[in-house]
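Take a look at the structure below.
Ligands are counted one by one from 1 in listed order, and the atoms in each one are counted from 1 as well. What you are looking at is a predicted structure, and each value in this text was computed from that prediction instead of being measured.
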Amino acid sequence: MDPGSAPRLRFAPSPNGGLHLGHAYSALLNRQLAAEWGGSYLLRIEDIDRARCTPALERAMIADLDWLGALPPPPYRRQSEHMDDYAACIDALVEAGLAYPSVLTRGEVRAHVARMETQTGMPWPRDPDGAPHYPGTERDLSAGERRALMQQDRPYAIRLDMAAALTRTGPLTFLETDAGGSAQEIVAEPQDWGDVILARRDVPTSYHLSVVVDDALQGISHVVRGADLIQSTSVHRVLQTLLGLPAPTYRHHPLILDAEGRKLSKSRDSTALSVLRGAGLTPADIARMVGLG
Ligand code: GLU
């Protein structure tokens, strides 16, 4: 953030299902902090998954936010309209030898991991979501061999060469603030993720890549989002550093849980805003339910 410039926050949902109480909390908190700090708050539509994000769901999401009183004024950046911005960053990372095309399917990775675990008697590393790290079979291909792989008629994913990236960036941290406003420097642990996917042949971006590009392009100074994304922030710091983008300040807020203590999901509708609204609840009731009323 430029010194002296006003804070800028964002709410960045994916229109792949209805918004629930957890989204309401995040949107209202972003709106409230922007107002308290004399800053602004914007809506970004994270719709890179064209199979699951639909115009109807996007319209419903905007209607829910409007009803809640948490809809910022337009324009709204729709990620699906900016694929060229993301593709340019992917190309730069491939050119710099920091990302590579990978072709093993999930099943092939599982088979490789099972073989290695039997051979070594050691557990294969897994990422914070529990998925095995990619074995990096194509990591050592020459630039020409990588290009040839990408020209073949088969699916591939572009992955970050995490070891090469971390050699370039060195150790990283991020600034995490809490509800009281105090800030703490957290050590990033991107190595826990292994060679993350940055793009696929048919979708030239990923959540990680597009979120860092957009936060920078939109001048976001404070990223306020759910605690389930705090580990992703380590990957975001690597990408920001490699791409020469500024690092926002972060606040990962607690998640709203259901009565059984589970994370809310777009597929269970007991806490869907549309359902609560249909049952006669008001926006003020929702704000009270999430502790912001
Ligand atoms: N689009 C992401 C989601 O709906 C949130 C991204 C973010 O806030 O960084 O979970």
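Protein heavy atom closest to atom 4 (O) of ligand 1, with residue, atom name and distance, is Ser14 N, 3.4 Å. Atom 10 (O) of ligand 1 has Leu229 CD1, 4.5 Å as its closest protein atom, hydrogens excluded (heavy atom only). Annotation: atom 8 (O) of ligand 1 to nearest protein heavy atom, Arg10 NH1, 2.8 Å.
No continuous path of ILVMFWY side-chain contacts below 4.5 Å connects Ile62 to Leu42, so the two sit in separate hydrophobic clusters.
Annotation: side chain to side chain contact (heavy atoms under 4.5 Å, CB included) contacts of Pro283 (sequence neighbours excluded): Trp67.
By the 4.0 Å N-to-carboxylate-O rule, Arg126 lies close enough to Glu117 to be salt-bridged with it.
Partner of Asp214 under the salt bridge (Lys or Arg N to Asp or Glu O under 4.0 Å) criterion, chosen from Arg10, Arg78, Arg44: Arg44.
The residue Phe11 has no part lying near ligand 1, judged by heavy-atom distances below 4.0 Å.
Between the side chains of Ser102 and Arg159, a donor-acceptor pair is found at a separation under 3.5 Å.
Each of the atoms 1 (N), 2 (C), 5 (C), 6 (C) of ligand 1 lies under 4.0 Å from some heavy atom of Glu46. The distance from ligand 1 to the heavy atoms of Val211 drops below 4.0 Å at these ligand atoms: 9 (O).
Where the criterion is an N or O separation shorter than 3.5 Å, residue side chain and backbone included, Ala12 meets it with respect to ligand 1.
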Between Arg225 and His252, is the side chain to side chain contact (heavy atoms under 4.5 Å, CB included) condition met? List the steps.
CA-CA 5 Å; Arg225 62 184 173 196; His252 294 90; 3.2 Å; yes

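When the heavy-atom distances from atom 9 (O) of ligand 1 to His252, Gln79, Arg225 are ranked, the shortest goes to Arg225.
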